[in-house]
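On a predicted model such as this, the values are computed, not experimentally measured, just so you know.
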Amino acid sequence: MSKFKDRIIQIVRSIPEGKVASYGQVALIAGYPRGAQQVGWILHIAGGENGTPWWRVINNQGKISTKCIEHTPSIQKRMLEEDGIIVAKNLDIDIEKYRWRPSIKELKKLKLDDEYIYVIESKYNH
DNA sequence: GCTATGACAAGGA
DNA sequence: CTCCTTGCCATAG
C-alpha cells in the first residue's frame with residue numbers, strides 16, 4: 001500500500017454525491033499537483049475498492065475518459081446519472097456546474113498547510 | 001536503477 | 001472547436 005494510493009483513494013471517497021472532480025483536481029487536493037495521470041492509473045487498479053466512487057472523477061474537459069473494461073464509459077455514465085448528473089450522449093458533462101468545491105474546513109482536515117490550501121482555492125473558486 | 005506506459009493537463013497551431 | 005506536442009510522475013518489468 002503506497003502513501004500515494006491511500007491519499008488518492010481518501011480524496012475520491014470524499015467527493016459528495018451529485019458532484020464531480022477532474023483527475024488533476026484530485027491530484028492537487030491530495031498533495032500531488034502534477035499527478036493527474038497517476039490518479040487515472042490508481043482508479044484503474046483500485047477503483048471499486050471499499051466503495052470508492054471512481055465514477056465521480058472525469059477529465060478537465062468535462063468528458064468521461066475511462067477505457068477500463070471493468071468500468072466502461074456506459075457504466076460511468078449510468079452511475080453519474082444516478083447521482084443526478086446530466087451526461088450527454090457524447091459523454092460530455094458540464095463540469096463547472098457540477099465541480100466539487102471543498103470548503104476550507106474540509107481541506108484543513110486533510111492535513112494540508114494553509115498556504116497550499118490557498119493555492120487550491122484560488123485555482124477552482126474564481 | 002532504468003525504460004516504458006498511461007482513466008491527464010495546458011498551451012500552441 | 002479539433003489536433004498535436006510537451007511536461008508529468010507513480011508503477012510495472
Q: Name the nucleic acid region contacted by A/Gly24, choosing base, sugar-phosphate or nothing; use a 4.0 angstrom heavy-atom cut-off, strictly under.
A: sugar-phosphate
Q) Reckon A/Phe4 touches a base, only the sugar-phosphate, or nothing at all at heavy-atom distances under 4.0 Å? A) sugar-phosphate
Using the side-chain heavy atoms of [X], tell me which of these nucleotides is nearest: [options].
X: A/Arg34; options: B/dA9, B/dA7, C/dC9; result: C/dC9
X: A/Trp54; options: C/dA10, B/dA7, B/dA10; result: B/dA7
X: A/Trp41; options: B/dA9, B/dA7, C/dA12; result: C/dA12
X: A/Asn59; options: B/dA7, B/dG6, B/dA9; result: B/dA9
X: A/Gln38; options: C/dA10, C/dC8, C/dT11; result: C/dA10

Using a cut-off of strictly less than 4.0 Å, decide whether [X] has a side-chain nitrogen or oxygen near OP1 or OP2 of [N].
X: A/Ser65; N: B/dC8; answer: yes
X: A/Ser2; N: C/dT11; answer: yes
X: A/Asn60; N: B/dA10; answer: yes

Is a salt bridge present between [X] and [Y], judged by a nitrogen-to-oxygen distance below 4.0 Å?
X: A/Asp114; Y: A/Lys108; result: yes
X: A/Arg101; Y: A/Glu96; result: yes
X: A/Arg78; Y: A/Glu81; result: no

Write down the distance between [atom1] ([X]) and [atom2] ([N]), rounded to a whole number of angstrom.
X: A/Ile42; N: B/dG6; atom1: CD1; atom2: C1'; value: 12 Å
X: A/Leu43; N: B/dG6; atom1: CG; atom2: P; value: 17 Å
X: A/Tyr32; N: B/dC8; atom1: OH; atom2: C1'; value: 17 Å
X: A/Tyr23; N: B/dA9; atom1: OH; atom2: P; value: 8 Å
X: A/Tyr124; N: B/dA9; atom1: OH; atom2: P; value: 8 Å
X: A/Arg7; N: C/dT11; atom1: CZ; atom2: C1'; value: 20 Å
X: A/Ile69; N: B/dA7; atom1: CD1; atom2: C1'; value: 13 Å
X: A/Lys63; N: B/dA9; atom1: NZ; atom2: C1'; value: 14 Å

**Q.** Partner of A/Leu80 by side chain to side chain contact (heavy atoms under 4.5 Å, CB included), out of A/Leu91, A/Val87, A/Ile75
**A.** A/Val87
Q: Using the rule that two of Ile, Leu, Val, Met, Phe, Trp, Tyr join whenever any of their side-chain heavy atoms come within less than 4.5 Å, decide whether A/Met79 and A/Ile86 are in one cluster.
A: yes
Q) Considering heavy-atom distances to DNA chain C, does A/Gly35 or A/Ile45 have its closest nucleotide positioned more toward the 5' end? A) A/Gly35
